[in-house]
Asks: 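I am attaching a structure below and will ask some questions about it afterwards.
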Amino acid sequence: MLGKLITMQEQPIFSARAHVFQIDPATKRNWLPASKHAVTVSFFYDANRSVYRIISVGGTKAIINSTITPNMTFTKTSQKFGQWADSRANTVYGLGFATEQQLQQFSDQFKEVKEAARLAREKSQEKFELTNPALNIAAPQDLSEDRHSPPLLTVNGPEDKLFRSKSADMEQMTSEKERIKKMLSEGSICEINLEAELFTLQDSNAKLVAALHEANTGVEEWKKQLAEYQEETGRLRDQVAELEAQSGRPGPSESETRDELTQTLEELEALLKAKDEEIHNLQSKNSDIHDLEKEREEAVQRLQDLETRNAELEQRVERAEQTLASSLEERDRAESEVQRVIDVLDVKIYDLNDLRQSLAKLIDK
């Protein structure tokens, strides 16, 4: 599970042990424990994508998988507890530390990583602008310091229309790229949720099977004991009847013996009644187990539906990647065409500058 969450390019930066909590999605006020004991919470950095993440795994389940953005804020709500909100995961994470010093160290590391994420985003934006010079074409500066020089003529020919059309196409491709990134992020989150639900269902299934086996074993034992008690009761009744038949008027010792046997018989009947009630309770518990089994089957069906949905999402992402590839090819062609237009404009600007200088010389004469 950890290998799927962390790629080969990601390196750990900082780790700490804490109790993990998540906000109750129903009330948005109460905390729900995500781990039974303290687990390792680590910061990771992906150098290829310039992405920082907080990851924590408890056993085979991903407890935290949060990508840090410049908009996130880690808030210390007490001396040993802090929290932050993750809009992508649509939840709020809480961490309880053993000491105040550990909380302060985690808070300082969160601020450093947040600042690094902000710088990485700005650097990425600058790199994107540099790799797309057509988006940052500056107006040509005056080629002379003469204040009385005539202004340059504006070219409003078919090249200008083509430039504007290509700029609009590149803006559309940029928005398409952002949409594809969002779809890829949703697909990753959906896969993590599917794996977590699968492990939960497997754990519930094992518990249901163990409970069912225990209940069946208990029922068989109670049935065996019930048969033994019934046999003992019948035997004692036969002894009482035999003693009554041997003597029409029993003596003091025989009367006491019969009273003891009658008392023992009553005790056995009471015990038999109690065992009958226990068997009835076990049978009702067995019916509850069948209900749980039915719920497990429904959960498995929901899991299959989620897997189908995930497969459809992967197909959509694949189609979107193909569309992006074709869009990138179109953008390359557009960039080459824009470069050609820029070259033409440079030639015309150079011709206009020669014309302006010639006119200036004529005026001076």
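Count residues from 1 along the sequence.
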Asks: Is a salt bridge present between Glu100 and Lys76, judged by a nitrogen-to-oxygen distance below 4.0 Å?
Replies: no
Asks: Look only at the side chain of Asn353 and the backbone of Ile349, and say whether a donor-acceptor pair between them is shorter than 3.5 Å.
Replies: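 Here the side-chain-to-backbone pair does not exist.
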Asks: CG/Asp343 to CZ/Arg340 distance, rounded to the nearest 0.5 angstrom?
Replies: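 Taking CG in Asp343 and CZ in Arg340, the distance rounds to 9.0 Å.
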Asks: Mind running side chain to side chain donor-acceptor pair (under 3.5 Å) on Asp108 and Gln104 for me, showing each step along the way?
Replies: CA-CA 6 Å; Asp108 295 340; Gln104 185 62 40; 2.9 Å; yes
Asks: Should the ring pair Phe110 and Phe43 be called parallel, tilted or perpendicular, given that the plane angle runs from 0 to 90° and is split at 30 and 60?
Replies: perpendicular
Asks: Quick one: closest heavy-atom pair of Gly82 and Phe74, and the distance?
Replies: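 Scanning both residues completely, I find the closest heavy atoms to be CA-CZ, 3.6 Å.
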Asks: Considering the options Ser15, Ser35, Ser56, which one meets the side-chain contact (heavy atoms from CB on, under 4.5 Å) requirement together with Val41?
Replies: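 One option only clears the test, and that one is Ser56.
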Asks: On a heavy-atom basis, which atom in Phe97 and which in Leu95 lie closest, and how many Å separate them?
Replies: CE1-CB, 3.7 Å
Asks: Considering only NZ, NE, NH1 and NH2 on the basic side and carboxylate oxygens on the acidic side, decide whether Lys111 and Glu115 come within less than 4.0 Å.
Replies: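 Glu115 and Lys111: not salt-bridged.
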Asks: Output yes when Glu312 and Arg309 qualify as a salt bridge under the 4.0 Å nitrogen-oxygen rule, no when they do not.
Replies: no
Asks: Quick one: name the residues clustered hydrophobically with Ile23, using the 4.5 Å side-chain heavy-atom rule over I, L, V, M, F, W, Y, and just say none if it's on its own.
Replies: Phe21, Trp31, Phe81, Val92
Asks: We want to know whether Lys80 and Gln102 form a side-chain donor-acceptor pair, criterion being a heavy-atom distance below 3.5 angstrom.
Replies: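 Looking only at side-chain atoms, Gln102 and Lys80 do not form any donor-acceptor pair under 3.5 Å.
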Asks: Locate the shortest heavy-atom distance separating Met72 from Ser66; write the atom from each residue and the value.
Replies: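 It is CE-OG, 3.8 Å.
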Asks: Would you please say whether a donor-acceptor pair under 3.5 Å links the side chains of Arg17 and Thr40?
Replies: yes
Asks: Would Lys224 and Glu221 pass as an ion pair if we require N to O under 4.0 Å?
Replies: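 No, this pair does not count.
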Asks: Taking the basic N atoms (NZ, or NE/NH1/NH2) and the acidic carboxylate oxygens, is any pair closer than 4.0 Å for Glu269 and Lys273?
Replies: no
